[in-house]
Each structure stands twice: as structure tokens, then as C-alpha cells.
Novice: 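To start, I am sharing the structure in question, which I have written as C-alpha cells.
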Amino acid sequence: FLRCLCDSNLQVIDTMALHMPPEKLFNQLMPMIQACLASKNPYERKGGLMSLAVLAEGCADHIRTKMLSSVLQTVCHSLSDSNQVVRSAGLFALGQFSEYLQPEVSKYHAELMPLLLGYMSSLKEAKIGHVTKAFYALENFLENLGKKDIQSYLPTLMETMFSALNTTDNLKLKELAVSAIGAIANAAKEMLVPYFCTVIENLKGFLTDTRDEVRSLQTQALDTLSVLARTIGKDVFSPLAAECVQLGLNLTNSVDDPDLRRCTYSLFSAVSSVSPESLTPHLTAITTLMLLSLKSTEGVMVSAPSMCLHMQEFCVLPSLYPCVCVCACAHQFPHEDVRRAAFGAIGHFCRAQHKVWQDNPTEGNHQALQKLLGVVLPCFMEAVKQERERHVVMGVLEAMNAVIKSCKEEALQSPDRLAEISHTIRDVLKKKTVCQDAGGDEADDDDQQAEYDAMLQEFAGEGIPILASAVPAETFYPHLNDLLPLIMNKAKSSCTVADRSFSVGTLGETLQSLVNVQGGRAVAGRLSNRLLPVLVAGVKDSDAEVRNNSVFGLGALAEAAGPIISSNYPMMLSLFSNLLVKESDRRVIDNLCAALCRMIMIPDWTPFCFQTSFLFFIAWKHSSEILVHIDMIVSHSCYSFLTCTSMMRISCSSTLNRDSSELT
């Protein structure tokens, strides 16, 4: 009962951390936590550490910026506590910090890694639950170390892992060590080569074991083998690729276990990124297994999308088409995660087939692409309108956007498809889909519904600039004209910061898309009178993100509309000048420099030469101060601006020479 009560209290703290302002929460909690940490009662010390641990996710920014050193010192001290209960809580807290407080936590590797390694060496006689927490802390910390940081610890780490694999019969400890080797491989990459053969021999031994009790260990061995395939280097892993594929097939043929199949598909995907030819002889068997998993109520749709992308050069669509057909009926899957993954998979299939057609532009490949798009895109649009789970619809919109971005006009060959997709986006922006029905999710409170709806609309809005870049501007203009008011309405001062940022950001991206499409200049010019006031108001916004997106939008408008809006240049330059006087956000200054560059590249800008140069030098002054702190983001735009300024000098010089010759 007491344990359940403790868990409930931690859940309450976790929930508060996710939803309350951190300053207010910490002012109330920290005195109680500090009292617990100073207590002589080990369970009270444990409670203090566990409370710090569950605060890490929701209050990550607050802890990182204001108290990271002190909480890490507290956790490190707990690892030498005389009571194992306290040490276990400290390990859990360190694992939480390593997961949620990156990248700052990794900077303390010189203090934390020796402590963890020393602690790991003393665990042989510890209870497995305590050992599990130690590996949890170690893995989370290792996952975020780079090659340079892990190098000095690698020999000790691998010695510890091999000791766990070879000197114990405890299968759980072996499983933990195998998992940790995967984390080490992610950080060390090719530096793990000296240990590779020993690791592989151990993994092969586990994967050929026929005992039922090793199933969990085998699953972890497959996961780690997948990590090695992706990180150790193609030259090292390729000679083993065919053997690994066969090991995976043997396991799936002999063991009916959904977790094992999931890890096997992940292995196939990883191998295909290094040695796709190793899978070619087994494509029929692999796709048959995938189909069985797709049709199974216990199977989970995983790695097929990634594997399809890596195997695109082999034109595997005939083998995968049955999988596409099953995925297209995704609304029949009972589990929402499976439905979302299935929609993602068929989007990957479309992009893979498009790449096949690009590399080998035969009529057959083109027909296969159009056949696939003819099944998938209507399926996407129907799902957006009828699916009840918001996060599934987000996945569908994301997949549809990716397909259109990749396939461009090929995705819009059907006469009515552009209109249908535009109407689908409009329905989401107007909250007319099933998942946006207020009664659809009874468990959601109003704030959560509003947050989900905002996220949905952002996914839908991302489709507008993608469509604008896929077809001639005049073709899309009627649909754009229909969608723009729905976007512009979110730029009002009464809207949330997130809505205002989304609105002006979408307008800017859409204008940027018009730059490179046929008829884009004329359409941008037609839109300028409507969009200019919205973007100008955004530049004056109190939020830096809104200002940043608005400045970008004005630069995109100048580039897209060109001389059509040159009469607005004095107003825009005055606006930028006023902004530079008080702007402190580096991203805004960076985009302001980029906007000036775009203006300079337009014909007939020379009347504004002096004012533009003056603004540039003010921006450069800001940038020089930032360059002292080695800020490469701002300097990139400013160096681009120098190039444009050189062009400006040449143009100004030629103008002066022309005027002089006319006088003579």
C-alpha cells in the first residue's frame, strides 16, 4: 500500500511538472525535497531523489539553466549512500537527467563517467533490480556522448560488458549488457571496431540458442545487431550482412513471437542500408513475413518503411504491392499506433517508387508510380476526414506532405486531386474533421483539445507551401486564395503566440515556394497587398519567434514579387531600420540580413542602395559582437550579404559610369 501511495505521489509531481510554471512549482517543492534529502531516514532520502527525477521531463529547461550543477552533485553524492534503496533512487534520477537534460548533462562526463564505471564494477553481487537501474543510468548517459567524449572510457566499458556476458549465467544481466553495447556503439561508432568480432561472436551465440528462456535476450541481441549495422561502418559489417539476414529469417521461421519479428524487421532495415544486395534473394520471404505481421492483430508495423527506402534502387514495388494494399486498409487496424505506422509506410512506398522511376524513367515504372499514388492519396484524404484519433491524423498529414514534396506534380496528375487535397487542408483549418469534433475524445480537457487542434492545423498548414511548389502558380492560385484567409486569421493580436508564429511562418514559406514556380511572380504580386500588412504587423510583434518568421516572410515576398512591390521598399527598409535599433534576438537579425540580401538581388533596387548599405553595416555590427561568441548562424547570412554588397557596388559603379557617359 505504501509503495502504491508513493508511486501516486510521484505521478502527481510528474503531472504538475508538465503543466505548471516551473518557478512556482519549485518554490513549493524544493524546501520539502531538501528536507527529505537531509533526512536520516533512507526512504525519505529516496523520496527526495525520486521527486527530483520525475521533475526532469516537465521542468527540463528550468533545471538545465538554473540548477543543473547542484542537482547533479546531489545525485552523485547519493551513489555513495550506505543504503542501496537510496543508491537505486540516485541511479534512476541520473538516468532521467541523462534522458531529459541534454546536451548540458553530457558536459559533466569527466565527473559522471568515472563514478558510473566504478559503480558498475561493484555490482556483481547486487540484486538484479538494482543492477537494472545502474544500466539504465549508464545507457541513457552513453546515448548522448560523442566519439571524442567516449574514447577514453571505451576500454573500461567494453571490459565491463564482456565480463557481464562471460562470467555469469544470469540471462537478465546478459540482456542488460547487450543493450548497453548498443548504446556504446551509438556513441563510439567505428571506434568499436577492435571489439567488433568479440561482440558478434557473443550475439551469434545468443541468436542460435533454441531455449525459450533466452527469447528476451535474443530480442535485445537483434536490436544491438541492428545498431552495429548502422554504426560500425559499411566495410566492417558488409561481410556479415548475408549471415545476419539468414539468422533473422531462421528465428522468425522457428519462433512465433511479435517482439522478435519486430526486431528482425529492424535488422533487415539496418542491413539494407549497408548491403541491400544481401536482402535481394530473400525479398519474397521477407515481404511474406511482413504481410503476416500486417494482418495479425498482435503484430506491429515497424521497419518496413525504412527498409523500403533503402531498397528503392531494386524496384521492389511488385513484391511490396500486397503490403501497400493491406496498409491502405489501415482504418481496419484496431490499434491506433499501427494505423499511424501503416500510413507512414505507404507514404514511404510512394517516395521509394518515385525514386525508382527517377533513376529508371521507363513507362512501366511511371505507371507503377501513378497506380500507387492513385491508391495512397485518396486513402490519406479519407483518413484525415474520418479518423477519430488526432495523433493518427497528424501522422497522415505528415505522410501526405512528404509524398507531395517528393513526387511534386506527379502526385497531382489526376484532374481533381489538387482541389481534393486543398479541400482536405481547408477542412482541418476549419475544424471540420471527425477527430476535431469536441465530443470525440471525452478524456481530453479543453486545453488539451485546443493544443491538439493547433498541432493538427500546423501539420495541415505545412501542406500549403508544399502544394505551391508542386504546380504552376496560376493553377494553385484559386485554392491558395481559398486557404489564405484561414491562415491570416491566426495572425491577429488576440491569437496565441503559437498561432501568430504559425500564421506568418506559413505565409513566408508559401511565398518562398512561389519564387521557383512558373507564374510565381505575378501571383505573389497579386497577393502582396493582402499579405504585406500582416507581415509588417508581425515584425512589430512582442514575440521574437513571430518577428523572426515575419521578417523572413517580408524577404520572401520581396524575392517572389520582385519589382512589383518596389514601391514598398522605403517602408520595408524603414521598418527594418527601426527593428535593428532594439532587436536582440540573433535569429531575427540573421533573417533580417537574409531579407536584405533578397531585396538586393532584385532588379531596380539601386535607388535604395545607400539605405540598404547603412542597414547592412548596423546588422554587421550586431553580427561582429555575436561572432566573438562564435555564432556561425548569423555570420553565414552576413557573409552572404557581403557577396550581395559586392554586386551592389558593381551595379552602382556601372550606373554612375553610364550617367557620366551620358553627360559627356
Novice: In the structure I gave you, are the side-chain heavy atoms of E336 and R388 within less than 4.5 Å of one another anywhere?
Specialist: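 E336 vs R388: side chains apart.
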Novice: Work out which heavy atom in N365 is nearest to a heavy atom in N360; give both atom names and the distance.
Specialist: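 For N365 versus N360, the nearest heavy atoms are ND2-O, 2.8 Å.
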Novice: Could you tell me the separation between the CG atom of L372 and the CD atom of Q370, rounded to the nearest 0.5 Å?
Specialist: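 Those atoms lie 9.5 Å apart.
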Novice: Check whether more than 12 heavy atoms from other residues, nucleotides or ligands sit under 6.0 Å from atom CD of Q28, and answer yes or no.
Specialist: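 Counting neighbours around CD of Q28, 12 or fewer heavy atoms of other residues, nucleotides or ligands fall under 6.0 Å, so no.
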Novice: Just wondering, do T219 and L222 contact through their side chains at under 4.5 Å, heavy atoms?
Specialist: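 They are not in contact (no side-chain heavy atoms under 4.5 Å apart), so the answer is no.
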Novice: Without hydrogens or angle criteria, can the side chains of T433 and D427 be said to hold a donor-acceptor pair below 3.5 Å?
Specialist: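 The criterion, which ignores hydrogens and geometry beyond distance, is not satisfied for D427 and T433.
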Novice: Does a side-chain heavy-atom distance below 4.5 Å link V428 with D453?
Specialist: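 The answer is no, as the side chains (C-beta and beyond) never meet within the 4.5 Å cut-off.
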Novice: Take the angle between the ring planes of F92 and Y136 and call it parallel below 30°, perpendicular above 60°, tilted in between.
Specialist: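 The arrangement is parallel - the two ring planes meet at less than 30°.
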Novice: Can you tell me how far apart CD1 (I565) and CZ (R521) are? Round to the nearest 0.5 Å.
Specialist: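 I565 atom CD1 to R521 atom CZ measures 9.5 Å (nearest 0.5 Å).
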Novice: Within the side chain of E389, is there an N or O that forms a donor-acceptor pair under 3.5 Å with the backbone of H391?
Specialist: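 Not confirmed, E389 side chain does not pair with H391 backbone.
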Novice: For H354, what residues pass the ring pair (Phe, Tyr, Trp, His ring centres under 6.0 Å) criterion, not counting sequence neighbours?
Specialist: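 Only W357 meet the ring pair (Phe, Tyr, Trp, His ring centres under 6.0 Å) criterion with H354.
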Novice: Under a 4.5 Å cut-off applied to non-hydrogen side-chain atoms, are L456 and C435 in contact?
Specialist: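 Contact flag for L456/C435 side chains = yes.
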Novice: Any salt bridge between R547 and D585, counting N to O under 4.0 Å?
Specialist: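 Looking at D585 together with R547, the answer is no, because their closest N to O distance does not fall below 4.0 Å.
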Novice: Regarding K492 and D499, does a basic nitrogen lie under 4.0 Å from an acidic carboxylate oxygen?
Specialist: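 Answer for the salt bridge query: no.
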Novice: Can any side-chain N or O of H366 pair as donor or acceptor with the backbone N or O of T362 at less than 3.5 Å?
Specialist: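 Not at all, since once roles are kept as given, no pair shorter than 3.5 Å links the two residues.
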Novice: Assess whether a salt bridge exists between E545 and R500, defined as any Lys/Arg side-chain N lying under 4.0 Å from an Asp/Glu carboxylate O.
Specialist: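 No.
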Novice: Taking side chain as C-beta onward, heavy atoms only, is S51 less than 4.5 Å from L10?
Specialist: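 Heavy-atom side-chain distance check passes, below 4.5 Å.
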Novice: Do you know which two heavy atoms are closest between C495 and N489, and how far apart they sit?
Specialist: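 For C495 versus N489, the nearest heavy atoms are SG-O, 3.5 Å.
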Novice: Nearest heavy-atom pair of D543 and D541: which atoms, and what distance?
Specialist: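 That closest heavy-atom pairing would be N-OD1, 2.8 Å.
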Novice: Does the side-chain contact (heavy atoms from CB on, under 4.5 Å) test come out yes or no for V392 and F343, once each step is laid out?
Specialist: CA-CA 9 Å; V392 177; F343 285 122; 4.1 Å; yes
Novice: Looking at S98, is its backbone amide N or carbonyl O close enough to the side chain of Q102 to form a donor-acceptor pair, meaning the two atoms are under 3.5 Å apart?
Specialist: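 Indeed, once roles are kept as given, a pair shorter than 3.5 Å links the two residues.
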Novice: In Å, rounded to the nearest 0.5 Å, how long is the span from CG of L101 to SG of C59?
Specialist: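 L101 CG to C59 SG: 10.0 Å, rounded to 0.5 Å.
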Novice: By the salt bridge (charged side-chain N to carboxylate O under 4.0 Å, His left out) test, which pairs, at least two apart or in different chains, include something from residues 454-478?
Specialist: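 Applying salt bridge (charged side-chain N to carboxylate O under 4.0 Å, His left out) to every pair that reaches into residues 454-478, excluding sequence neighbours, yields E474-R526.
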Novice: Could you state the interatomic distance from CZ (F502) to CG (N549), rounded to the nearest 0.5 Å?
Specialist: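 Rounded to the nearest 0.5 Å, the CZ-CG separation comes out at 11.0 Å.
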Novice: Test your reading of the model: is there a side-chain donor-acceptor pair from S513 to the backbone of I466, 3.5 Å cut-off?
Specialist: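 Judged by distance alone, no pair lies under 3.5 Å.
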Novice: What I'd like to find out is whether the side chain of F26 reaches to under 4.5 Å of the side chain of L55, using heavy atoms alone.
Specialist: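 In short, these two side chains touch, coming nearer than 4.5 Å.
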Novice: Please test S550 against V546 for side-chain contact (heavy atoms from CB on, under 4.5 Å), starting from the C-alpha separation and ending with a verdict.
Specialist: CA-CA 6 Å; S550 300; V546 179; 4.1 Å; yes
Novice: Taking N144 for the side chain and E99 for the main chain, is one N or O donor matched with an acceptor at less than 3.5 Å?
Specialist: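 Such a contact is absent between N144 side chain and E99 backbone.
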Novice: Looking at every non-hydrogen atom in both residues, tell me the closest pair between L511 and A524 and how far apart they are.
Specialist: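 Heavy atoms only, the tightest pair is CD2-CB, 4.4 Å.
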Novice: Do the side chains of Q96 and E57 get nearer than 4.5 Å, heavy atoms only?
Specialist: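 SC-SC contact between E57 and Q96 ruled out.
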Novice: Whether the N481 and R530 side chains hold a donor-acceptor pair (N or O, under 3.5 Å, no angle test) is what I'd like checked.
Specialist: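 Yes - a donor-acceptor pair under 3.5 Å links their side chains.
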Novice: Where is the tightest heavy-atom contact between D61 and T65, given as atom of each residue plus distance?
Specialist: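 Looking at all heavy atoms of both residues, the closest pair is O-OG1, 2.7 Å.
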Novice: Is S501 reaching over with its side chain to a backbone N or O of A498, donor-acceptor style, under 3.5 angstrom?
Specialist: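 No, because the side chain of S501 does not come within donor-acceptor range (under 3.5 Å) of the backbone of A498.
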Novice: Report the C-alpha separation of D257 and R261 in whole Å, then their side-chain angles, then the decisive distance to 0.1 Å, and conclude whether the salt bridge (charged side-chain N to carboxylate O under 4.0 Å, His left out) test is met.
Specialist: CA-CA 6 Å; D257 182 275; R261 287 199 298 271; over 6 Å; no
Novice: Cut-off 3.5 Å, side chains only: do T506 and E509 have a donor facing an acceptor?
Specialist: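 The criterion, which ignores hydrogens and geometry beyond distance, is not satisfied for E509 and T506.
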Novice: Any heavy-atom pair between the side chains of Y477 and L527 that's under 4.5 Å?
Specialist: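 Yes, at least one pair of side-chain atoms sits under 4.5 Å.
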Novice: Taking atom types as modelled and ignoring hydrogens, do the side chains of K490 and Q457 form a donor-acceptor contact shorter than 3.5 angstrom?
Specialist: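 A pair is found: one side chain offers a donor N or O, the other an acceptor, under 3.5 Å apart.
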Novice: Which heavy atom of G182 sits nearest a heavy atom of T224, and at what distance?
Specialist: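 G182 and T224 have their closest heavy atoms at N-CG2, 3.8 Å.
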Novice: More than 12 heavy atoms of other residues, nucleotides or ligands under 6.0 Å from NZ of K405: is that the case?
Specialist: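 No, the 6.0 Å shell around NZ holds no more than 12 heavy atoms from other groups.
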Novice: Quick one: does T252's side chain have a donor or acceptor within less than 3.5 Å of a partner on L249's backbone?
Specialist: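 Between the backbone of L249 and the side chain of T252 there is a qualifying donor-acceptor contact (under 3.5 Å).
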Novice: If you round to the nearest 0.5 Å, how far is CG of D482 from OG of S422?
Specialist: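 Result: 8.0 Å between the selected atoms.
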Novice: Establish, from distance only, whether the side-chain atoms of Q413 and E409 form a donor-acceptor pair under 3.5 Å.
Specialist: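 Distance-only check fails for Q413 and E409.
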Novice: Is there a salt bridge (charged side-chain N to carboxylate O under 4.0 Å, His left out) between E398 and R340? Walk through the geometry before answering.
Specialist: CA-CA 10 Å; E398 185 177 28; R340 176 167 180 158; 3.7 Å; yes
Novice: Judged by modelled atom types alone, do R230 and S269 share a side-chain donor-acceptor pair under 3.5 Å?
Specialist: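 Per modelled atom types, R230 and S269 side chains form a pair under 3.5 Å.
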Novice: Test side-chain contact (heavy atoms from CB on, under 4.5 Å) on V471 and V517 and set out the steps.
Specialist: CA-CA 7 Å; V471 293; V517 296; over 6 Å; no
Novice: To the nearest 0.5 Å, what is the distance between OG1 on T424 and NZ on K385?
Specialist: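 The distance works out to 4.0 Å.
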Novice: Between S226 and F268, is the side-chain contact (heavy atoms from CB on, under 4.5 Å) condition met? List the steps.
Specialist: CA-CA 8 Å; S226 301; F268 293 158; over 6 Å; no
